[in-house]
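Here the structure is a predicted model, which means the values were calculated and not measured. Order of the sequence lines fixes the chain letters, A, B, ..., with proteins taken first and strands second; residue numbering starts at 1 for each chain.
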There are 2 protein chains.
Amino acid sequence: MLIAIDAMGGDHAPQCNVEGAIAAAKEWKDIEIVLVGDKAILEPLLTEKPSNLSIRHASEVIGAEDEPVRAVRRKKDASMVVAGRMVREKEADAMISAGNTGALMTTGLLVVGRMEGIERPALAPMIPTMDGRGVLALDLGANMDAKPEHLAQYALMGSVYRQKVHGLEKPRVGLLNVGTEAIKGNELTKAAYPLLEQLPIHFVGNIEAHGVLSGACDVLICDGFAGNILLKSLEGTAGAMFSILKEKFSSSLKNKLAAAVLMPELRGLKTMMDYKEHGGAPLLGLGGLVVKGHGSSDAGAIKNAFRQARIALQGQLIESISKEFSNGERV
Amino acid sequence: MLIAIDAMGGDHAPQCNVEGAIAAAKEWKDIEIVLVGDKAILEPLLTEKPSNLSIRHASEVIGAEDEPVRAVRRKKDASMVVAGRMVREKEADAMISAGNTGALMTTGLLVVGRMEGIERPALAPMIPTMDGRGVLALDLGANMDAKPEHLAQYALMGSVYRQKVHGLEKPRVGLLNVGTEAIKGNELTKAAYPLLEQLPIHFVGNIEAHGVLSGACDVLICDGFAGNILLKSLEGTAGAMFSILKEKFSSSLKNKLAAAVLMPELRGLKTMMDYKEHGGAPLLGLGGLVVKGHGSSDAGAIKNAFRQARIALQGQLIESISKEFSNGERV
C-alpha cells in the first residue's frame with residue numbers, strides 16, 4: 001500500500017505533516033509513505049528516515065487563499081495536484097491532504113476523477129455524538145445543492161464506508177430532516193426518502209438535528225448546505241457555551257476554586273465535542289482514496305489520517321463501493 | 001385593541017392560557033382580551049374576572065395530533081379557527097395561540113388570509129444569542145422550501161418587525177449561509193443575495209451558523225428547512241451539554257459540592273439558551289397579527305405573548321409592513 005501525502009498543505013505544514021508521516025511510517029511497516037512537496041524544504045525536516053518513507057519533489061504549493069479551480073488547473077506541479085495524479089495513475093493507492101478544501105475537492109474531481117456511476121463525490125467527516133460513537137455525515141461541503149439521487153448515492157457510499165473502515169455490520173443510515181415522519185421535509189428530502197427505502201442499506205428514516213447528537217444513526221445523509229448549517233451550529237453552540245462557562249466560572253474566587261475541581265470533567269466534554277479529534281474525512285465517490293485532514297491538523301491528526309487510509313485500503317473500500325454501483329445500477 | 005386568544009391550544013391549555021390572560025388583562029388596561037374556547041370549561045377557571053376580559057364560546061378544539069389542513073377546514077367552530085375569523089373580520093386586532101403549529105399556519109393562510117403582495121407568510125421566533133440580545137429568525141417552519149423572492153420578502157418584514165416591536169433603529173439583516181463571501185452558498189442563497197442588497201434594509205451580508213449565536217445580526221433570513229436545522233442543532237447541543245454536565249458534576253461527592261457553588265451560573269446559562277424564554281413568534285405576512293406561543297407555554301409565556309402583541313399593535317406593525325409592500329412593489 002502506497003499512500004502519498006500533500007506535505008505542503010495545512011496550517012501547520014510542512015512540519016506537522018512530516019512528523020505525522022514519520023510516526024505513521026514507523027508504526028505501520030506494511031505501508032509505503034511518499035511525502036509530496038519541495039525537497040529542499042522537506043529533507044531538513046526528516047529527523048528520522050524510516051525505510052518506508054520517501055520524498056517526491058513538487059515545486060508548487062496551493063495556498064489557503066488560492067481560488068480552487070484555477071489553482072488546480074494552473075499549478076500543475078503543486079504538491080496536492082501531484083499527489084492526486086499519483087492516485088489517478090495507480091502509482092499511489094491513496095492520498096492525504098490537510099490543504100485548501102475547495103482545491104482538494106477540485107483535485108478529486110479533475111485529477112483523481114469520479115468513480116463510474118457516481119454523479120457527485122461527497123465529503124464525509126465524522127461528527128461527534130453524545131454517546132462518543134460519532135456519526136459519518138455526508139455530504140459536508142463538496143456540493144451545496146443535491147438531487148434526491150445524489151442523496152441516495154451518498155447513503156450507499158456512507159454505509160459501505162462504515163462497514164469497511166469502522167467495522168459496523170449494519171450501519172444505521174438516517175436522513176437529516178425537520179421531523180421524523182416520512183412525509184416531513186422539503187422537496188429534496190421528501191423525494192429522497194422513498195429512494196433510500198429501496199437501497200440495500202439499513203435505512204432508519206428521518207433524523208432531526210438533535211437526534212444526530214444523541215447518536216440516532218451511524219451515517220447521516222444531507223446536502224452540503226444543510227450539513228454545513230448543522231455542523232457549524234454544533235461547533236458554534238459548544239464553543240460559545242464553553243467560553244461563557246469559562247467566563248462565569250472565573251468571575252469570583254469561590255467560583256474559581258469550584259471550577260478547578262470540575263476542570264477534568266469540562267476538559268473531557270470539550271474533547272468529546274471537538275470534531276477535529278475525530279480524524280480525517282474521506283472524499284467518497286472518486287476512482288481512488290482521498291482523505292482530507294482538518295486544516296489545523298497537528299502531527300497526531302496526520303498520523304490518524306494515515307491510520308484511516310490504511311484501514312480503508314485493507315478493507316478494499318474503493319472496490320467495495322464500486323461493486324455496489326455496478327451491481328445492477330441500484331442508484 | 002382587542003386581542004383574542006385560542007384558550008384551548010397548547011400543552012398546558014386551558015389553565016395556563018387563562019392565567020396568562022388574566023395577568024395580561026390586569027397589567028394592561030388598554031387592551032381587551034377575549035378567551036376563545038369552551039365556555040363551560042373556561043368559566044370555572046376564571047378565579048378573577050377583570051373587566052377587560054371576556055369569553056367567546058367555541059365548541060371544538062384542534063389537538064396536537066390533528067392533521068392541520070383537514071382540521072382547520074372541518075372544525076369550523078374550533079377555538080383557533082374562531083379566533084382567526086375574528087381577526088379576518090376585524091373583530092379582533094390580533095390573535096394568540098400556543099396550539100398545533102401546522103394548524104395555526106393553516107389558520108393564518110386560509111382563515112386570516114395573506115397580506116397583499118406577500119407570497120409566503122413566515123414564522124419568526126427569536127433565537128437566543130450569546131450576547132443576550134437574541135435574533136429574529138425567519139422563516140422558521142412555515143414553508144420548507146423558499147424562492148429567492150420569498151427570502152427578500154422575509155427580510156423586509158423582519159426588518160420592520162424589529163423596528164416596530166423591538167425599537168431597533170437600523171436592524172442588521174443577515175442571510176444564513178455557509179460562508180461570509182457573497183459568492184458562497186447554494187442556488188437559493190446565491191440568488192437571494194443580490195435581491196437583499198437592493199432592499200431598503202441594513203443588509204450585513206452572509207452569516208454562518210456560529211455567527212448567528214454570537215449575535216452578528218438582528219434579523220436572520222433563511223428557508224424553513226435550514227432554519228429548523230439551525231434551531232434544533234442549537235437546542236440539541238445546549239440540551240445535550242447540560243445533561244452531560246449534570247451527569248459528570250454529580251458523579252462524586254467532591255464534584256457535587258463544587259457544582260453546587262456554580263449552580264446559579266449554570267442556571268443563568270440554561271435560561272439564556274432556552275428559546276422558550278424568548279416569547280411568542282409572530283406569523284408575518286398575514287392581513288392581521290397572529291402570534292404563536294410555544295406549545296409548552298406556561299402562564300408567564302402567555303402573558304409575554306400578550307405583551308408582544310400589544311407592542312406590535314401600538315407600533316402599527318401590520319400597517320407598516322403593508323406600506324413597505326405597496327410602496328412601489330419593491331420585492
Side-chain angles (χ1 to χ4, degrees), chain A residues 129-130 141 143-146 176-179 184-190 208-214 222-245 247-249 251-252 254-255 257-266 268-269 272-273, chain B residues 129-130 141 143-146 176-179 184-190 208-214 222-245 247-249 251-252 254-255 257-266 268-269 272-273:
Chain A
T129 57
M130 294 303 154
N143 313 286
M144 283 304 129
D145 292 283
L176 180 63
N177 212 334
V178 299
K184 290 272 183 171
N186 58 8
E187 285 169 21
L188 173 65
T189 57
K190 282 192 276 189
E208 294 181 87
H210 48 80
V212 175
L213 294 169
S214 56
C222 53
D223 66 67
F225 190 87
N228 182 291
I229 303 296
L230 175 77
L231 188 58
K232 285 191 182 148
S233 310
L234 189 160
E235 290 183 305
T237 312
M241 282 179 68
F242 282 121
S243 67
I244 288 182
L245 284 177
E247 194 192 304
K248 286 185 184 278
F249 285 4
S251 61
S252 71
K254 189 184 70 177
N255 281 1
L257 292 172
V261 173
L262 297 169
M263 205 39 82
E265 309 292 354
L266 283 172
L269 181 58
M272 185 194 285
M273 301 293 295
Chain B
T129 59
M130 294 304 152
N143 313 285
M144 284 303 130
D145 293 283
L176 181 63
N177 212 332
V178 300
K184 290 274 182 168
N186 57 7
E187 285 168 22
L188 173 65
T189 57
K190 283 192 277 189
E208 294 180 87
H210 47 80
V212 175
L213 294 168
S214 57
C222 54
D223 67 66
F225 189 88
N228 181 289
I229 302 296
L230 174 76
L231 187 59
K232 285 192 182 147
S233 310
L234 190 161
E235 290 183 304
T237 311
M241 281 179 69
F242 282 120
S243 67
I244 288 181
L245 283 178
E247 192 192 307
K248 286 184 183 279
F249 286 4
S251 63
S252 70
K254 189 183 69 175
N255 282 1
L257 292 172
V261 173
L262 297 169
M263 204 42 80
E265 310 291 355
L266 284 172
L269 180 58
M272 184 194 287
M273 302 293 295

Point to revise | Atom of Met241(B), atom of Ala238(A) and distance for their closest heavy-atom approach | key: SD-CA, 3.7 Å
Check your understanding: How many angstroms lie between atom CG of Leu213(A) and atom OG of Ser233(B), to the nearest 0.5 angstrom?
Key -> 7.0 Å
Review point. Which heavy-atom pair separates Ala209(A) from Lys232(B) by the least distance, and what is that distance?
Key: CB-CB, 3.6 Å
Exercise for review: Find the distance between CD (Glu265(A)) and CG (Leu245(B)) and round it off to the nearest 0.5 Å.
Suggested key: 9.5 Å
Exercise for review: Verify the neighbour count for atom NZ of Lys184(A): are there more than 12 heavy atoms of other residues, nucleotides or ligands below 6.0 Å?
Suggested key: no
Exercise for review: Under 4.5 Å heavy-atom distance to chain A, tell me which part of Ser243(B) shows up: side chain, backbone, both or neither.
Suggested key: neither
Practice item. Can you tell which part of Glu187(A) gets under 4.5 Å to a heavy atom of chain B, answering side chain, backbone, both or neither? Key: both
**Study point:** Most contacts with chain B, counted as non-hydrogen pairs under 4.5 angstrom, among Val178(A), Val261(A), Leu230(A)
**Key:** Val178(A)
Review point. If you count heavy-atom pairs under 4.5 Å between each of Leu266(B), Leu188(B), Leu262(B), Asn228(B) and chain A, which one has the most?
Key: Leu262(B)
Check your understanding: Between Ser252(A) and chain B, which part of the residue has a heavy atom less than 4.5 Å away: side chain, backbone, both or neither?
Key -> neither
Revision key, fill the gap. Looking only at Ile244(A), Asn186(A), Leu234(A), Asn255(A), the option with the highest number of non-hydrogen pairs under 4.5 Å against chain B is Asn186(A)
Check your understanding: Side-chain contact, heavy-atom cut-off 4.5 Å: Ile229(A) with Leu176(B)?
Key -> yes
Exercise for review: Pick whichever of Asn177(B), Leu257(B), Thr189(B), Asp223(B) has the most heavy-atom pairs under 4.5 Å with chain A.
Suggested key: Asn177(B)
Point to revise | Minimum heavy-atom distance between Met130(B) and Ala240(A), given as atom pair plus value | key: CE-CB, 3.3 Å
